[in-house]
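Everything numeric here is computed off the predicted structure, so don't read it as measured data.
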Number of protein chains: 2
Amino acid sequence: MQTEEEILKIKKVKNTAVRTVVLRHLLSLEKAQSLKDIENALAYTDRSSIFRTLKTFEENKIIHSIEDGSGMTKYAVCAEGCNCDPKDLHYHFYCTNCDKTFCLFDVPIPKIQLPENFKLQQANMVVKGLCDNCNK
Amino acid sequence: MQTEEEILKIKKVKNTAVRTVVLRHLLSLEKAQSLKDIENALAYTDRSSIFRTLKTFEENKIIHSIEDGSGMTKYAVCAEGCNCDPKDLHYHFYCTNCDKTFCLFDVPIPKIQLPENFKLQQANMVVKGLCDNCNK
DNA sequence: ATAATCTTTGCAATCGAGTTGCACTAAAAG
DNA sequence: CTTTTAGTGCAACTCGATTGCAAAGATTAT
Ligand SMILES: [Mn+2]
Ligand SMILES: [Mn+2]
Ligand SMILES: [Zn+2]
Ligand SMILES: [Zn+2]
């Protein structure tokens, strides 16, 4: 597992106080976080600074965003070596009971046979249901 | 292709002026529509009436919603016989060039092998890229 | 080291999609 | 016809996201 400093260095994003704390926070949790989640967790960091940090991280492929239908965009740290290309596609799981959203890096995504002449660039794949913890 | 009256009858939703015009509009277009799209197209129908109509349609499985990442929820008429169950799952395609979003009813969705003890209920699958018209 | 320049941050204001309260109208039931 | 229930239109409001701007911090040039 890379540290936040290593990731910022690799992705050539300057290390600042806000960036370090936001990235560290995202790395510390397995669950994808919304802007509000982060704002609540980092009580002394301004919302707009976190917002701009997330934009910077996304542009530089440090994190990716997930639209899970909850009304708030969630963010998760990219896997090592991720370039946010079609090859980095993976499902996300949204638990309808505990509201946890996370990347299913281990579930293989089958090749999607698009209609003739369509070109795949990205995808937002959110599978919804009950997580193992809630399905009891 | 069913008419709006037939659909409302089958789904046991009362036929009203707004419902008829909204459903007819959705049926007339192959592209999924946002609330604003519909509001713009139906100039004399109030936004909140359209909004509540869409909610009613969704609850009654007449339409389903799609979160395509554009910031506005899109709506598309369900296929005949759809119950919005996992079996009715299908991909959606969002063209990053022309902003068109639509259901890929003909592309098979493979069985998703979730981790142990997870339960699939729903999914929002949006594939993004260039549609045939824009990929030239 | 100091000044000039560029970047990041915090705060407040704004935007816009979505949602709701409420009064009015239309439809259904009695 | 009268009463009750459902649908509609309008205005107001919510809340996540975004932006303008000035202060603070970091980088580069003199
Ligand atoms: Mn992910
Ligand atoms: Mn669809
Ligand atoms: Zn759960
Ligand atoms: Zn297109």
*Output yes when at least one side-chain N/O atom of K36(B) is less than 4.0 Å from OP1 or OP2 of dA17(C), else no.*
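True: K36(B) side-chain N/O within range (under 4.0 Å) of dA17(C) OP1/OP2.
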
*Look at the side-chain N and O atoms of T45(B) and state whether any lies under 4.0 Å from the OP1 or OP2 oxygen of dG9(D).*
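No, outside the criterion.
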
From [atom1] of [X] over to [atom2] of [N], roughly how many Å is that when rounded to an integer?
| X | N | atom1 | atom2 | value |
| --- | --- | --- | --- | --- |
| K55(B) | dG18(C) | NZ | P | 8 Å |
| I50(B) | dT19(C) | CD1 | C1' | 14 Å |
| D37(B) | dG18(C) | CG | P | 10 Å |
| K74(A) | dA17(D) | NZ | C1' | 15 Å |
| M72(B) | dT18(D) | CE | P | 13 Å |
| L42(A) | dT9(C) | CG | C1' | 14 Å |
| D46(A) | dT18(D) | CG | C1' | 12 Å |
| F51(B) | dG18(C) | CZ | C1' | 6 Å |

*Which comes earlier along DNA chain D counting from the 5' end, the contact point of R47(B) or that of V18(B), where each point is its nearest nucleotide?*
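That would be V18(B).
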
_Toward the 5' end of DNA chain D, by each residue's nearest nucleotide, G71(A) or R52(B)_ =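 Its nucleotide being nearer the 5' end, the pick is R52(B).
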
*Heavy-atom donor-acceptor pair, D132(B) side chain to N117(A) backbone, under 3.5 Å*: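 No, D132(B) side chain to N117(A) backbone: no donor-acceptor pair under 3.5 Å.
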
*asked:* Any side-chain to backbone donor/acceptor pair from Q122(B) onto C84(B)? Under 3.5 Å, distance only.
replied: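 Yes: the side chain of Q122(B) pairs with the backbone of C84(B).
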
*Which of these nucleotides, dT18(D), dT8(D), dC11(C), is closest to any side-chain atom of L35(A)?*
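Ranking dT18(D), dT8(D), dC11(C) by closest atom to the L35(A) side chain puts dT18(D) first.
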
*Among the nucleotides dG7(D), dT9(C), dT8(D), which one has an atom lying closest to any side-chain atom of K14(B)?*
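My answer, after comparing the listed nucleotides, is dG7(D).
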
*Assign T73(A) to base, sugar-phosphate, or nothing according to its heavy-atom contacts below 4.0 angstrom with the strands shown.*
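Counting heavy atoms under 4.0 Å across all strands, the contact made by T73(A) is with sugar-phosphate only.
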
*asked:* By the 4.0 Å heavy-atom rule, please label S49(B) as base, sugar-phosphate, or nothing.
replied: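 Base contact.
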
*Note: K100(B)-E30(B) ion pair, threshold 4.0 Å (strictly below)*: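 Salt bridge flag = yes for E30(B) with K100(B).
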
*In this structure, are over 12 heavy atoms from other groups packed under 6.0 Å from N40(A) atom CG?*
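Check passes, neighbour count above 12.
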
*Name the one of R19(A), H25(A), R24(A), K9(A) that satisfies side chain to side chain donor-acceptor pair (under 3.5 Å) with E4(A)?*
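Single pass found, and it is R24(A).
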
*Nearest-nucleotide comparison on DNA chain C, the residue closer to the 5′ end among A17(A) and S48(B)*: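 It is A17(A), whose closest nucleotide lies nearer the 5' terminus.
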
